[in-house]
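Side chains are part of it too, since the values below use all heavy atoms of this structure and drop only hydrogens, waters and symmetry mates. First the proteins, then the strands, lettered A, B, ... as listed; each starts at 1.
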Amino acid sequence: MIKNWIREKLIKTLDKMGIEEIPDFKVEIPLNNFGDYSSNIAFLLSKKLKQNPRNIALDISKHLLDDKEYFNKIEVAGPGFLNFFLNEKVYSEFLFFEYENPQYWKKANNKKILFEFASVNPTGPITIGHGRQAVYGDILCNIFQTRGHSVEREIYLNNAGKQIRLLGRSLWVRYNNLFKNNYDIPEGGYKGEYLIQTAKKLKDEIKDKFVDKWDSSIADFFNQYAFEAMFEGMKETFDNLSIKFNNIFKEKSLVDDGSVDKVLKELEEKNLTYESEGALWFKVSRFKDEKDKVLIKSDGYYTYYLTDIAYHINKYNRSYEKAYDILGADHVGHLDRMYAALDAFDIPESFLIFILHQYVNLKKNGEIIKMSTRAGNFETLDDLVIAVGKDATRYFFARFDPDTQMLFDIDLAKQKTNENPVFYVQYAHARISNIFKNASEKNVSFDEISTMKNLNSEEEKNLIKEIDRFEEILDSILIDYKINKLTNYLESLASFFHGFYSKHIIVDENDIKTTKERLALCKAVQNTLKGGLSLLGVSAPENM
RNA sequence: GUCCCCAUAGUUCAACGGAUAGAACAGCGGAUUCCUAAUCCGCAGAUGAAGGUUCGAUUCCUUCUGGGGAUACCA
């Protein structure tokens, strides 16, 4: 990265000047062509050296200019910015490297980490809100992977709790009503049409076997049947978005294999539980400034909290370096409770990182609607994918800062998909493919490049600078998890390319030397676009 | 009440404490004898309010206003 290169030059120079303890300074691409790159280092040193930042900057620039072959000019501007104007040689070297290493941003994987996301109640079709999380999680995993982490994607399915029992009973009602009975969906049950379809399928299989019959083993059957049916649907939805999980973890397995009981026993031994009002409580307040929470309800059933503790202990014992949980904003209350539980089992907080994202508001027929799976009134992710396609769906979700509520205008998404900027980025990629087609028709090859010194225009320099930002963007996402920086970047890169394209003829038979260098530049742009799109899980078409 | 997230152009979104706050869509005006006009160029348009910290604040702190979420023996 050019920025890092300048940074190192600066550090060396400061060292030469005898300045120790160099503060954490920045090198950035300034607005308005103040320079190719700029740094704020002089401001940060000013307090320590008790000097005017301008004088410090002047001093640094003098020392740096010993490197005549790399810097055309170094200006000190404003109150003390250092503005660097680089020699073509620098760009040429960096572009050459990127051109020769088509996947220059990839790093070897080492750290083993776990991502849990899209863990929903398997009680119905996936909503658009959860679609955001699924797409977000998948893309974040891709980025971690490409920057050197060994990532596992895991989905946790709550198939042991109250909701699954409600689902099973709701299915039973739908099934019975196919026989002209008239049972009511239970309070809080699932009223969506989709259970009628499942009930019909079940009727074909078992005929009238359970009509008007209900006991605990029949309930188990319906719970299980409904769960499997819903899960099949979920898998299909994820498949349509190319989201694949390495591990599917079922809550029930923790109950069945005794993990949950083991957790209970240990907590009791540590004297961290107590009974009250017929329920068993965990002393959360011992660890965090939070209310105590129920582990076993007075009806004898386990809470989600209890099984989730067992689940996270299980994660820890699988020896990942870190575990990331991606959750909707409605889970904020869960964070401290889970850390309290980890604390009780001597698991360091640093092991688990929560990433919260806000949910999606839907706009349909000009109205903002609230989604609710249980009311049976919601927009499914499948509908969206059918309407706008996989690429646009993934790209659209990726574009938003996860911390902000996003407004999803369904009518707009369904009608005018051309407004989606994914096409803008894809078009830049396709355009480049076409340039190569054109070049090969004119018998211009581009395989004997040794330098790129003819790429002197503003457009070309800016394009090289923009390519050079890619790795930096990816690394910053590892820190703040804002994947929208990637879509933002790709749009910007595409824009620089479109601008370059419209101003310069790339394949020019009268100037083969420049043509070859421009083709190499195009190749580097295309590789980067393709790399970014593939991290997003969006296709990079050759034609549009 | 308390806690968490958010508030930027008509709309949907950007901006690592930096210099003149960027795009896209919508609006207006242009560009194609030449590699795809799904493109490009130009015009117009914004930091919710008030304080504070700083050489410098959309960004950090406080208060207020507005939206969403949490405050379950739901998950």
Below 4.0 angstrom from OP1 or OP2 of G18(B), is there any side-chain N or O of K26(A)?
yes
Please tell me if K297(A) has a side-chain N or O lying less than 4.0 Å from either OP1 or OP2 of A72(B).
no
Nearest heavy atom decides the nucleotide; on that basis, is Y37(A) or G333(A) closer to the 5' end of RNA chain B?
Y37(A)
A77(A) side chain: which of C73(B), A19(B), C13(B) is closest?
A19(B)
Hey, are E154(A) and K315(A) close enough for a salt bridge, meaning a charged N less than 4.0 Å from a carboxylate O?
no
E491(A) near the nucleic acid: base, sugar-phosphate alone, or nothing, with a heavy-atom cut-off under 4.0 Å?
nothing
Taking every heavy atom of G137(A) against every heavy atom of I326(A), the minimum-distance pair comes out as CA-CD1, 3.5 Å
Minimum-distance nucleotide (side-chain atoms of E251(A) versus C6(B), A72(B), A75(B)):
A75(B)
I need the CZ-C1' distance between F81(A) and U20(B), as an integer number of Å.
12 Å
Salt bridge between D256(A) and K250(A), side-chain N to carboxylate O under 4.0 Å?
no
Nucleotide of C35(B), A75(B), A15(B) approaching N438(A) most closely (side-chain heavy atoms)
C35(B)
So if I take every side-chain heavy atom of K162(A) and compare against A75(B), C5(B), A72(B), which nucleotide ends up nearest?
A75(B)
Give one of base, sugar-phosphate or nothing for H429(A), where a contact means two heavy atoms less than 4.0 Å apart.
nothing
OG of S170(A) to OH of Y190(A), rounded to nearest 0.5 Å, is 7.5 Å
Would you mind classifying the nucleic acid contact of H331(A) as base, sugar-phosphate or nothing, using non-hydrogen atoms under 4.0 angstrom?
base
Integer-rounded Å distance: U59(B) C1' and D403(A) CG
14 Å
Using whole Å, what does the distance between atom C1' of nucleotide A14(B) and atom CD of E466(A) come to?
13 Å
For atom C1', what is the distance between C13(B) and C6(B), given to the nearest Å?
13 Å
Could you tell me the Watson-Crick or G-U partner of G27(B), where both distances fall under 3.5 Å? Say none if there is no partner.
C43(B)
Record whether the side chain of Q405(A) comes under 3.5 Å of the base of C6(B) through a donor-acceptor pair of N or O atoms.
no
Does the structure show a Watson-Crick or G-U wobble partner for U2(B), both distances under 3.5 Å? Name it, or say none.
A70(B)
Less than 6.0 Å separating the ring centroids of F84(A) and Y37(A)?
no
Residue met sooner reading RNA chain B from 5', once K503(A) and T404(A) are mapped to nucleotides:
T404(A)
To the nearest angstrom, the CD1-P distance between I505(A) and U33(B) comes to 11 Å
Atom-to-atom span, CZ of F423(A) to P of C25(B) - whole angstrom:
13 Å
Could you tell me whether the phosphate oxygens of A14(B), OP1 or OP2, come under 4.0 Å of any side-chain nitrogen or oxygen in N484(A)?
yes
Distance check, C1' atoms only: A7(B) and A14(B), in whole angstrom units.
15 Å
side-chain N/O R165(A) vs C74(B) OP1/OP2, d < 4.0 Å:
no
Indicate, with a heavy-atom threshold strictly under 4.0 Å, whether E277(A) touches base, sugar-phosphate, or nothing.
base
Between atom CG in L44(A) and atom P in C16(B), what is the gap in whole Å?
17 Å
Which base, if any, makes a Watson-Crick or G-U wobble pair with A19(B), both distances under 3.5 Å?
none
Looking only at the side chain of H498(A) (C-beta and beyond, no hydrogens), which of the listed nucleotides C73(B), A75(B), C40(B) gets closest?
C40(B)
Between C73(B), A14(B), A75(B), which nucleotide gets closest to the side-chain atoms of V294(A)?
C73(B)
Here the distance between atom P of A14(B) and atom CZ of R399(A), to the nearest Å, is 8 Å
Does N83(A) contact A19(B) through a side-chain donor or acceptor facing the base, at a distance under 3.5 Å?
yes
From CA spacing to verdict: salt bridge (charged side-chain N to carboxylate O under 4.0 Å, His left out), K288(A), E349(A):
CA-CA 12 Å; K288(A) 292 276 176 187; E349(A) 283 200 11; 2.8 Å; yes
Could a donor-acceptor pair under 3.5 angstrom be found where the side chain of S38(A) meets the base of A19(B)?
yes
Using atom C1' of each nucleotide, how far apart are U2(B) and A15(B) to the nearest Å?
33 Å
Considering only atom P, compute the distance from G45(B) to U32(B) and round it to an integer number of Å.
28 Å
Whether D299(A) and K162(A) form a salt bridge (side-chain N of Lys/Arg under 4.0 Å from carboxylate O of Asp/Glu) is what I want to check.
no
Please work out if F400(A) contacts a base, only the sugar-phosphate, or nothing of the nucleic acid, heavy-atom cut-off 4.0 Å.
sugar-phosphate
On a whole-Å scale, what distance lies between the P atoms belonging to C61(B) and C73(B)?
32 Å
Indicate yes or no for a side-chain donor-acceptor contact from Y501(A) to the backbone of I432(A) under 3.5 Å, with no hydrogens or angles considered.
no
Could one point to a donor on the side chain of S298(A) or the base of C73(B) with an acceptor on the other under 3.5 Å away?
yes
Given that both distances must come in under 3.5 Å, which nucleotide forms a Watson-Crick or G-U wobble pair with C60(B)?
G52(B)
Is Y424(A) close enough to C40(B) that one of its side-chain N or O atoms is under 4.0 Å from OP1 or OP2 there?
yes
For K291(A), report the nucleic acid contact type (base, sugar-phosphate, nothing); a contact means any heavy atom under 4.0 Å.
sugar-phosphate
Students often get this wrong, so: under 4.0 angstrom with heavy atoms, is N543(A) touching a base, only sugar-phosphate, or nothing?
base
How many Å lie between CD on E75(A) and P on A19(B), as a whole number?
17 Å
Applying a 4.0 Å non-hydrogen cut-off, can you work out what A329(A) is touching in the nucleic acid: base, sugar-phosphate, or nothing?
sugar-phosphate
Grab the two heavy atoms, one from M234(A) and one from V120(A), that are nearest each other, plus how far apart they are.
CE-CG2, 3.6 Å
